[in-house]
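Contents: one structure, followed by commentary.
Throughout, protein chains are lettered first and strands after them, A, B, ... in sequence-line order, and every chain is numbered starting at 1.
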Number of protein chains: 2
Amino acid sequence: MIDHEGPTPLYVQVADAIQARIEAGELLPDRPIPSENQLVQEYGIARGTARKAIQLLRERGLVVTVVGRGTFVVAEPRQG
Amino acid sequence: MIDHEGPTPLYVQVADAIQARIEAGELLPDRPIPSENQLVQEYGIARGTARKAIQLLRERGLVVTVVGRGTFVVAEPRQG
DNA sequence: CGTAATTTGTTCGTATGTATG
DNA sequence: TCATACATACGAACAAATTAC
């Protein structure tokens with residue numbers, strides 16, 4: 001699922017994978033995505049890599065992060 | 001007692017130190033080891049580091065942890 | 001019964017050092 | 001030199017379980 005060798009950075013692959021899970025309806029609006037540590041487990045990556053992936057998703061406007069709580073799928077997947 | 005500079009990770013040093021205290025009979029079977037906050041004070045470390053040290057001791061089969069109570073020295077230090 | 005204090009569990013924020021390409 | 005990636009470590013906030021009052 002994640003290619004640790006290929007040219008695409010891991011954090012981009014992980015961000016894309018999570019985005020796919022959101023668009024597939026596996027991860028629902030206002031509900032949390034897996035925690036950083038869970039992403040570390042699921043994808044076999046370092047925490048810093050998980051954080052960069054989540055940061056990418058924030059920049060894409062797909063999630064919001066709350067300290068001490070987690071990162072949540074935004075209610076409106078892009079809109080005004 | 002704890003070397004904050006050397007190559008050995010702090011959490012390993014702290015785990016080793018606690019194990020030594022168990023083997024020396026300072027920390028007795030079925031009795032609690034110092035709480036995470038006490039370890040923070042005693043060793044001048046962060047709580048996360050104390051938790052990683054305790055996790056190591058659990059993996060070594062030396063202690064068991066109970067939520068809201070504490071971490072206890074196992075009755076049988078390895079046996080069948 | 002409710003409240004507070006203690007203790008472990010979980011989560012994100014940040015910084016540093018190391019290694020690789 | 002820079003980006004990527006991992007490991008370590010400290011800090012802060014939030015949460016749940018237990019115990020004392």
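Map A/G68 and B/H4 each onto its nearest nucleotide of DNA chain D; the residue landing nearer the 5' end is B/H4. If you find the closest nucleotide of DNA chain D to A/T8 and to B/G44, the one lying nearer the 5' end belongs to A/T8.
Looking at B/I18 and B/Y43, their side chains come closer than 4.5 Å, going by heavy atoms from C-beta outward. Considering only heavy atoms from C-beta on, A/T71 stays 4.5 Å or farther from A/V66 through its side chain. With contacts defined as side-chain heavy-atom distances shorter than 4.5 Å, the pair B/R58/B/V64 does not qualify. Contact annotation: the side chain of A/I22 never approaches that of A/L28 to less than 4.5 Å [non-hydrogen atoms, C-beta and beyond]. Annotation: side chain of A/V73 is not in contact with side chain of A/L62 (no heavy-atom distance under 4.5 Å).
Applying the Watson-Crick and G-U wobble criteria (two distances, each under 3.5 Å), C/dT18 pairs with D/dA5.
For the OP1/OP2 pair of D/dA5 and a distance below 4.0 Å, the side-chain nitrogens and oxygens of A/Y11 include no atom meeting the criterion.
Screening residues 1-22 of chain B for salt bridge (charged side-chain N to carboxylate O under 4.0 Å, His left out) gives B/D16-B/R60, B/R21-B/E26, B/R21-B/E42 as the qualifying pairs, with residues at least two apart or on separate chains.
For the pair B/L10 CG and D/dT8 P, the computed distance is 11 Å after rounding to whole Å. Between the CG atom of A/N37 and the P atom of D/dA7 there is a distance of 13 Å, rounded to whole Å. To the nearest angstrom, C1' of D/dA17 lies 13 Å from CZ of B/F72. In this structure, the CD atom of B/E5 is 14 Å from the C1' atom of D/dC10, given to the nearest Å.
Not a single donor-acceptor pair under 3.5 Å links the side chain of B/Q41 to the backbone N or O of B/Q38. For the pair B/Q19 (side chain) and B/L57 (backbone), a donor-acceptor distance under 3.5 Å is absent.
Counting non-hydrogen atoms of neighbouring residues, nucleotides and ligands closer than 6.0 angstrom, the CZ atom of A/R69 reaches no more than 12 such neighbours.
Put simply, chain A comes within 4.0 Å of DNA chain C, heavy atom to any atom, from C/dT11 to C/dT14, going 5' to 3'.
Against DNA chain D, the stretch residues 45-57 of chain B makes heavy-atom approaches under 4.0 Å through B/I45, B/A46, B/R47, B/T49, B/K52.
If you check D/dA17, D/dA13, D/dT4 against the side chain of A/P9, the one that comes closest is D/dT4.
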